[in-house]
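Everything on this sheet refers to the single structure shown next.
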Protein chains: 2
Amino acid sequence: MTEFKRKKASKKELIIQKASAMFREKGFPATSMRDLADEVGIEAASLYNHIQSKSEILQEIIYRTANDCNIHLDNLDVAQLNSIEKLESLIRFHVQMMIHQFDDYTVMINEWIHLSEPYQTNFITQRRIYVQRMENIIQQGIDHQEIKTVLPYIAMLTILSSVRGLEFWHRSEKHVSPQVIEDNMVAFLINGLKK
Amino acid sequence: MTEFKRKKASKKELIIQKASAMFREKGFPATSMRDLADEVGIEAASLYNHIQSKSEILQEIIYRTANDCNIHLDNLDVAQLNSIEKLESLIRFHVQMMIHQFDDYTVMINEWIHLSEPYQTNFITQRRIYVQRMENIIQQGIDHQEIKTVLPYIAMLTILSSVRGLEFWHRSEKHVSPQVIEDNMVAFLINGLKK
DNA sequence: CCTACCGATCGGTAGG
DNA sequence: CCTACCGATCGGTAGG
């Protein structure tokens with residue numbers, strides 16, 4: 001019984017993983033359940049023994065990934081770090097998500113619009129809270145005179161956008177290694193913020 | 001005859017404009033020709049008196065917008081400006097595209113993947129050339145010691161990504177005005193690059 | 001610009 | 001996990 005459930009769970013994981021790659025590549029609406037079934041190696045109808053609907057797959061991908069982000073930020077809040085160190089940790093975390101959980105992270109960023117209700121509204125709320133917490137860290141850095149006087153909103157936007165831009169790098173021939181990307185992006189962004 | 005053609009052209013423009021807004025909002029595959037027809041105020045079948053296919057609309061939107069970008073860069077190449085001034089002009093141009101041609105620009109950035117062949121390959125080539133020219137400007141700035149020693153690739157990526165990130169601002173309640181956005185983004189990015 | 005309609009494909013279900 | 005199939009919707013066409 002336990003064995004059976006574990007087997008089912010791992011097949012579900014395989015489906016979600018393949019779906020994530022396909023949603024990332026072609027987008028959620030342009031990915032058909034038949035294409036996904038082909039990739040998994042079963043018939044389309046058989047997918048429904050493991051998942052309830054196409055929407056559920058998208059929800060799982062996005063909510064898990066959002067959760068990873070929230071957990072990192074929670075840990076950061078109680079860490080003994082100054083604002084610059086916190087921002088560096090944030091930047092490195094997001095860059096690493098982009099590099100090592102490329103499909104999931106990109107799907108979250110690009111496909112949340114295809115979430116059905118109430119999941120979409122809930123996601124937007126979660127995201128608003130997340131970026132607000134980022135802006136608070138930046139504001140604290142300004143207050144403590146560790147960070148230049150910038151609009152926290154602009155700094156937050158620039159950081160998250162720059163990481164998102166690595167999608168372009170990920171699709172390209174990668175003449176630059178992940179570590180070089182990470183270090184240069186941290187240097188560029190942190191240098192632009194340091195006092 | 002001329003009158004007739006002008007009338008047809010303007011209806012075609014209306015269709016493309018409405019399509020651009022819908023492709024931006026929901027993505028190309030999730031936008032149906034029936035929804036588009038509703039928005040224009042005619043039956044779906046009637047769209048085909050003005051356009052040849054759904055794909056053609058996407059091609060028009062993306063190629064026109066890419067052309068605008070190329071023209072700006074061409075003008076910049078022959079302008080009497082130093083590297084920093086050229087970069088500032090580039091940043092302001094892209095921010096303004098994002099603000100004033102929001103639908104078209106966002107569709108180009110997000111929906112090019114849904115271009116059919118040979119249009120997709122052609123677009124990718126055009127884009128590769130464009131970003132190479134941007135990197136050349138940055139490299140010249142480094143050579144002339146106007147710009148910090150950064151990887152031109154990272155700087156280019158950060159600039160274009162930051163502008164793209166304004167999509168988030170555009171969707172939000174806009175507590176910050178376009179002019180403030182533009183000036184702060186220029187300041188933040190240029191400051192990060194100046195020697 | 002419309003009515004009427006086409007074949008293809010979609011997400012998903014029934015039943016085994 | 002499969003075969004067989006459903007109703008809905010898709011992009012697009014014929015004919016007027």
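Treat the numbers as computed from the prediction; the structure is a model and nothing was measured. Just so we're on the same page: letters track the sequence lines, and every chain starts at 1.
Ring geometry for B:Phe93 versus B:His72: interplanar angle under 30°, hence parallel rather than tilted (30 to 60°). Ring orientation note: the planes of B:Phe102 and B:His170 are close to parallel, at an angle under 30° on the 30°/60° scale.
Listed for the B:Glu39 side chain is no donor-acceptor partner under 3.5 Å among the backbone atoms of B:Lys18. At distances below 3.5 Å, at least one donor-acceptor pair connects side-chain atoms of B:Tyr63 with backbone N or O atoms of B:Tyr119.
No contact: B:Ser55 has no heavy atom under 4.0 Å from any strand.
Chain A approaches DNA chain C within less than 4.0 angstrom (heavy atoms of the protein), and the contacting nucleotides run 5' to 3' from C:dC10 to C:dT13.
The line from CD of B:Glu182 to OG of B:Ser177 is 10.0 Å long, rounded to the nearest 0.5 Å.
Hydrophobic clustering (ILVMFWY, side-chain heavy atoms < 4.5 Å, transitive): B:Ile129 and B:Trp112 are in distinct clusters.
When both pairing distances are held under 3.5 Å, D:dG15 makes a Watson-Crick or G-U pair with C:dC2.
If B:Ser53 and A:Ile42 are placed on DNA chain D by their nearest nucleotide, the residue sitting closer to the 5' end is A:Ile42. Heavy-atom nearest nucleotides on DNA chain C were determined for A:Ser32 and for A:Gln52, and the one closer to the 5' end corresponds to A:Ser32.
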